[in-house]
There are 2 protein chains.
Amino acid sequence: MIRNAANGLSGPSEPRDSARRPVRPALSRDFIIKTALEMVDTRGIGQLSMRKLGAELGVDPMAIYYYLPNKQALFDGLVEAVYAEIQIDVDGEASDSWRSTLVAFARQLRTVLGRHPDMLPMVATRPVFSPAVLGFGERAVVQLGAVGFTGQQALQLVNCLRTFTVGHAFAELSEPVGAPAPSQDEVAAVIAERYPKLADAIAGGYQPDVEYEAGLQAMLDGFELLRPPAGEAGPGS
Amino acid sequence: MIRNAANGLSGPSEPRDSARRPVRPALSRDFIIKTALEMVDTRGIGQLSMRKLGAELGVDPMAIYYYLPNKQALFDGLVEAVYAEIQIDVDGEASDSWRSTLVAFARQLRTVLGRHPDMLPMVATRPVFSPAVLGFGERAVVQLGAVGFTGQQALQLVNCLRTFTVGHAFAELSEPVGAPAPSQDEVAAVIAERYPKLADAIAGGYQPDVEYEAGLQAMLDGFELLRPPAGEAGPGS
DNA sequence: ACCTGAACACCGTTCAAGT
DNA sequence: ACCTGAACACCGTTCAAGT
């Protein structure tokens with residue numbers, strides 16, 4: 001029995017880079033997108049060009065165009081790749097209540113966005129069309145319907161959670177699209193001078209996680225008020 | 001008596017373009033930004049370049065650099081100009097309740113964003129630093145404090161409304177950052193086939209205004225639950 | 001003070017060509 | 001089938017120069 005760790009785990013017939021010439025894996029749509037996403041995450045969206053991506057891949061920039069028709073298609077692939085990171089265990093026992101299902105989705109989305117801050121403008125801009133999100137939508141409509149929400153309400157709730165999460169991620173993560181903004185200290189000084197009560201409130205410190213959770217729970221609480229007292233338990237009063 | 005309509009209404013000593021040579025107003029930071037914003041709104045952000053802006057202004061592209069150090073500064077000016085459109089009548093009678101104050105702010109922000117959809121990535125990306133928004137924050141903290149919210153809660157509420165509004169505007173308005181997305185029909189077909197319950201819910205039609213209002217009120221309702229029963233009116237069970 | 005124009009180091013993409 | 005390389009029409013920005 002072979003007991004070393006690498007016994008075929010990386011795929012059945014994947015060639016090692018021992019005998020073959022190329023140090024890089026064979027070019028493919030997936031590998032190009034994976035490499036591009038790494039570039040975006042490490043160097044920033046501004047440093048992603050077809051030419052630099054080609055260089056990173058060790059290939060003529062035009063080789064990319066064999067797999068992707070243009071830069072926009074590359075962007076689509078990147079967004080797709082980000083959404084694909086959302087893993088909602090569709091049959092998980094954890095989400096037996098509609099509320100925990102929605103909370104899990106929202107937090108997961110936020111976590112994934114947090115891994116790719118420079119992707120935010122692209123993600124926010126492209127209509128949601130990913131199986132991960134659509135599949136979740138299907139499930140949410142069913143589960144929310146079972147406790148008394150209408151289809152419209154269910155959709156609205158999911159959409160509001162999604163848009164809130166994206167909006168909050170922007171506020172939290174996004175570097176200004178081009179260059180850095182005025183320093184925190186400068187801003188703080190102006191606020192302290194002109195907006196004293198606001199300054200007091202800010203003095204508590206900005207806690208994005210706490211704020212996000214507050215908004216998330218508030219949104220859920222607010223929608224819950226809309227729900228008719230369903231379930232077979234009698235609608236007394 | 002001179003009765004024609006144009007009797008000086010356009011400003012005290014503004015030169016007509018009769019005797020003077022330039023057809024355009026004198027170049028200035030404000031005029032450059034105003035022109036750029038019009039280009040963004042009518043032709044799209046992708047069509048805004050320093051060179052095209054120069055052409056639009058009837059001027060060598062490099063002339064712009066006398067007023068703005070670089071394109072990033074132009075972007076800053078554009079975001080500033082958008083925020084400046086937010087007009088909250090700070091002493092309006094309409095906003096005697098904290099809730100109507102917040103609703104007015106959120107709806108106004110949404111309206112302004114709706115006028116400049118292509119500005120969304122820039123707006124969402126830049127930290128809020130505008131007098132309109134900061135001034136509103138100050139007021140909100142005071143007014144919310146008066147009814148029992150802590151400074152932290154007030155800030156969180158304002159921030160959550162703002163981020164929700166921005167996120168929702170993205171979902172509603174944004175053209176994909178580069179090129180158009182797959183057509184509505186294509187998407188609908190796929191959804192109908194694979195996500196039947198979701199399709200039923202969508203069949204009701206997407207009503208962004210209704211959805212936004214639902215989310216807005218839900219967020220407010222949810223935060224209201226956090227508020228201790230303040231006001232001098234007795235806290236009887 | 002305000003604007004011009006050439007020049008530099010980049011882009012995305014087309015197209016013909018190589019293997 | 002897969003990749004290369006020259007070429008085209010763009011960019012933002014620097015820098016020296018004009019008035």
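Proteins get letters first, then strands, A, B, ... in listed order; numbering begins at 1 in each.
- At whole-Å resolution of the value, CD1 in B:Ile64 and P in D:dC11 are 12 Å apart.
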Taking only nitrogen or oxygen atoms into account, show me every contact under 3.5 Å that the protein makes with nucleotides 12-15 of chain D, one pair per line with its distance.
unit_1, atom_1, unit_2, atom_2, d
D:dG12, OP1, B:Met50, N, 3.2
D:dG12, OP1, B:Lys71, NZ, 2.9
D:dG12, OP2, B:Met50, N, 3.0
D:dG12, N7, B:Arg51, NH1, 2.4
D:dG12, O6, B:Arg51, NH1, 2.9
D:dT13, OP2, B:Tyr65, OH, 2.8
D:dT13, OP2, B:Lys71, N, 2.9

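- In this structure, CD of B:Gln47 is placed 17 Å from P of D:dA9, rounded to the nearest angstrom.
- The closest donor-acceptor contact from the side chain of B:Glu138 to the backbone of A:Lys197 lies under 3.5 Å.
- Remark: B:Glu56 engages B:Arg43 in a salt bridge (Lys or Arg N to Asp or Glu O under 4.0 Å) (not counting sequence neighbours).
- Here the CZ atom belonging to B:Arg162 is positioned 8.0 Å from the CG atom belonging to B:Leu109, to the nearest 0.5 angstrom.
- Atoms CE and CZ, from A:Met119 and A:Phe75 in turn, are 8.0 Å apart once rounded to the nearest 0.5 Å.
- For A:Tyr66 and D:dT4, the shortest distance from a side-chain N or O to OP1 or OP2 is not below 4.0 Å.
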Using Watson-Crick and G-U wobble pairs with both distances under 3.5 Å, what is the 5'-to-3' dot-bracket string of DNA chain D, with [ ] for crossing pairs and | for pairs outside the strand?
-> ||.|||||...|||||.||
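- Between the side chain of B:Gln156 and the main chain of A:Gly215, no donor-acceptor pair closer than 3.5 Å is present.
- If you measure from atom CG of A:Asp60 to atom C1' of C:dA17, you get 12 Å, rounded to the nearest angstrom.
- Around atom CZ of A:Arg115, more than 12 heavy atoms belonging to other residues, nucleotides or ligands sit under 6.0 Å away.
- In this structure, the side chain of A:Gln108 engages the main chain of A:Gln87 through a donor-acceptor pair within 3.5 Å.
- Note that B:Arg110 lies in the cation-pi zone of B:Tyr212, set by a 6.0 Å cut-off to the ring centre and a 45° limit from the axis.
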